[in-house]
There are 2 protein chains.
Amino acid sequence: MQKDKKQLLLDAALKLFVEYGFHGTPTSLIAKEAGVANGTLFHYFKTKDELIVALYVDIKNRMAAYVFENAKGQATFKETVKEQYLASLFWAQDNQLQYRFAEQFKNSPYLSQIAPDEIEASVKPFHDMLRMGIKEGVIKSQPVELLFTIISSHAYGINQYFMSTNFSKAKQHQVISDSFEMLWAMLT
Amino acid sequence: MQKDKKQLLLDAALKLFVEYGFHGTPTSLIAKEAGVANGTLFHYFKTKDELIVALYVDIKNRMAAYVFENAKGQATFKETVKEQYLASLFWAQDNQLQYRFAEQFKNSPYLSQIAPDEIEASVKPFHDMLRMGIKEGVIKSQPVELLFTIISSHAYGINQYFMSTNFSKAKQHQVISDSFEMLWAMLT
DNA sequence: ATTATGACTGACTAAACAGTCAGCAAATTT
DNA sequence: AAATTTGCTGACTGTTTAGTCAGTCATAAT
């Protein structure tokens with residue numbers, strides 16, 4: 001039983017988009033790489049843009065699911081934040097293509113095709129959590145949007161660092177763990 | 001005396017690339033926006049790719065010049081780092097188009113068209129400075145690449161935050177200044 | 001005054017592209 | 001067994017695109 005063709009198309013598109021960019025990748029090449037006919041792409045996605053947006057939404061959902069799955073049921077606030085931070089970076093580590101695609105997408109004009117309230121909804125759980133931390137007096141009283149952005153971009157930076165080095169997985173885990181303690185010091 | 005046509009083309013390309021993306025912007029539209037003939041673009045830039053890369057290099061140089069100009073001659077290490085950090089963010093504030101273009105470029109496959117040693121050279125002054133700080137025992141003893149990436153992405157985060165808010169310039173300056181102190185606490 | 005130069009033009013072309021569509025073959029329903 | 005549906009195909013098309021090039025014109029050199 002092989003993967004269904006929709007998934008094959010998404011996999012092929014991901015790989016090619018990261019390598020050649022959105023418009024540097026013709027739909028014909030995506031179909032070829034996926035091993036399906038040209039028209040099949042348009043059977044599953046009305047337009048190329050729809051494929052690009054669908055791919056982004058799919059990746060975002062998978063990452064969010066992974067982070068929440070791995071960070072649930074922590075005893076303290078700090079442990080919750082830490083596990084979410086670690087899970088994000090571990091996910092990025094194991095899904096470099098997805099991560100790079102997401103960054104490319106976020107910095108492109110395609111981002112405007114995602115409804116603002118959809119973006120809003122995806123960050124809400126994190127904002128709520130941070131609000132709780134402030135209420136409990138564990139972290140600094142600052143706008144949660146600012147705190148969340150700082151945490152996210154800190155993780156982004158660590159990931160960039162890994163992309164330019166050649167650390168073993170164990171070494172990377174070490175750096176991630178250390179970097180969280182630096183980050184935490186900044187938040188409290 | 002009007003700007004020369006090369007600069008008009010770069011200005012037009014910048015505006016359109018940020019709005020429509022690299023491949024979403026035909027060369028014909030760039031020429032039209034610049035108010036020059038179609039062929040003039042190819043008189044100054046052999047290919048569209050060359051224009052894109054030239055635009056990035058130009059922007060990077062301008063930003064670097066601004067940062068160094070504004071941060072030179074500080075008395076202490078901390079003040080030097082702080083002024084460079086502030087200057088970067090002030091520049092981004094006053095050059096939103098340039099900043100967004102640079103981010104789009106950095107996260108695209110075009111980045112690979114910049115020679116690694118050129119990238120290396122552009123970050124070297126910062127690495128050297130950080131090395132000095134470590135030697136003097138002012139900041140944490142960590143790989144300078146890591147420290148620099150953390151500082152850069154912290155600034156990136158603050159800028160992202162500004163893009164989703166509507167603060168006055170004064171308020172933004174306040175946030176930038178505060179955020180540096182948080183960052184500094186993390187580095188020492 | 002004549003010639004030479006080089007920035008600039010814009011009509012043009014070959015190639016590439018996203019998207020269409022008539023229809024096929026296998027599975028499912030009747 | 002016939003009819004219908006469904007997932008898929010790939011040749012095709014109208015449009016758009018990057019890049020070309022023969023030639024214009026203002027300025028500068030002789």
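The chains referred to below are lettered A, B, ... by the order of the sequence lines, with proteins before strands, and numbering in each begins at 1. For clarity, every value in this text was computed on a predicted model and none was experimentally measured.
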Let me know the distance between [atom1] of [X] and [atom2] of [N], rounded to the nearest Å.
| X | N | atom1 | atom2 | result |
| --- | --- | --- | --- | --- |
| A/Lys32 | D/dG10 | NZ | C1' | 14 Å |
| A/Tyr20 | C/dA16 | OH | C1' | 16 Å |
| B/Leu9 | D/dA18 | CG | P | 14 Å |
| B/His23 | D/dT15 | NE2 | P | 24 Å |
| A/Lys6 | D/dT9 | NZ | C1' | 19 Å |
| A/Phe42 | D/dT9 | CZ | P | 14 Å |
| A/Phe22 | C/dA18 | CZ | P | 14 Å |
| B/Leu41 | C/dG10 | CG | C1' | 13 Å |

Closest approach to the side chain of [X], judged atom by atom: which nucleotide of [options] is it?
| X | options | answer |
| --- | --- | --- |
| A/Pro26 | C/dT20, C/dT9, C/dC17 | C/dC17 |
| A/Thr27 | C/dA18, C/dG10, C/dT9 | C/dA18 |
| A/Ala37 | D/dT9, C/dT9, D/dT17 | D/dT9 |
| A/Thr40 | C/dT9, D/dA11, D/dT9 | D/dT9 |

I'd like to know if [X] pairs up with [Y] as an ion pair, taking the criterion as any Lys NZ or Arg NE/NH1/NH2 lying under 4.0 Å from an Asp or Glu carboxylate oxygen.
| X | Y | result |
| --- | --- | --- |
| B/Lys82 | B/Glu181 | yes |
| A/Asp94 | A/Lys169 | yes |
| A/Asp58 | A/Arg62 | yes |

Measure the CD-CG distance between B/Gln104 and B/Leu111 for me, rounded to the nearest 0.5 Å.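 That separation rounds to 13.0 Å.
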Take the angle between the ring planes of [X] and [Y] and call it parallel below 30°, perpendicular above 60°, tilted in between.
| X | Y | value |
| --- | --- | --- |
| A/His127 | A/Phe148 | perpendicular |
| B/Phe22 | B/Phe105 | perpendicular |
| B/His23 | B/Tyr110 | parallel |

Would you say C/dT9 has OP1 or OP2 under 4.0 Å from some side-chain N or O of B/Lys5?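 True: B/Lys5 side-chain N/O within range (under 4.0 Å) of C/dT9 OP1/OP2.
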Below 4.0 angstrom, which residues in residues 47-58 of chain B have at least one non-hydrogen atom near DNA chain C?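 Contacting residues: none.
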